[in-house]
Amino acid sequence: MSDSLAKAEAAVTEAQTNTAVVQLALAAVELAKVAATAQAQQPPCHHQAPQPEFNAKKWLTIGSLAIIGGCVACALALAFALAAVGIAIGATCATACLIVLRSMWREYRGGRA
């Protein structure tokens with residue numbers, strides 16, 4: 001009886017080992033399926049997307065507006081510079097006039113003090 005018991009235990013052990021091997025093989029197959037599915041579902045690369053067409057009119061418009069804006073800014077800077085020169089000339093003339101008038105006033109009042 002113990003011999004048949006030993007045979008039964010050996011059969012159970014072999015069945016458990018076979019079951020573990022089968023389960024490992026099934027897990028490997030499932031893993032391969034998941035990997036294949038994941039590879040198939042990856043999004044396409046962005047560098048393979050079609051490039052939009054070059055729109056020359058848009059870039060010519062942008063360039064023209066930039067040039068016109070630069071010209072307007074330059075004209076305003078020149079106008080400001082001329083106004084500053086005019087103010088400086090006016091201030092110099094006013095100062096000279098006041099110095100002459102002060103001298104005349106002192107002479108009129110009776111001598112140099």
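V85 belongs to a hydrophobic cluster with I89, counting contacts under 4.5 Å between side-chain heavy atoms of Ile, Leu, Val, Met, Phe, Trp and Tyr, direct or through other members.
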Show every donor-acceptor pair shorter than 3.5 Å between a side-chain atom in residues 67-76 and any protein atom, with sequence neighbours excluded, or say none if there are none.
none

Anything under 3.5 Å between a donor and an acceptor, one on a side chain of residues 90-100, the other on a protein residue two or more places apart or in another chain? List them.
residue: T92; atom: OG1; partner: A88; partner atom: O; Å: 2.9
residue: T95; atom: OG1; partner: A91; partner atom: O; Å: 2.8

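Partners of I62 according to the side-chain contact (heavy atoms from CB on, under 4.5 Å) rule, which considers only residues two or more places apart in sequence or in another chain, are K58, W59.
Environment of CZ in F54: crowded, with over 12 heavy atoms of neighbouring residues, nucleotides or ligands closer than 6.0 Å.
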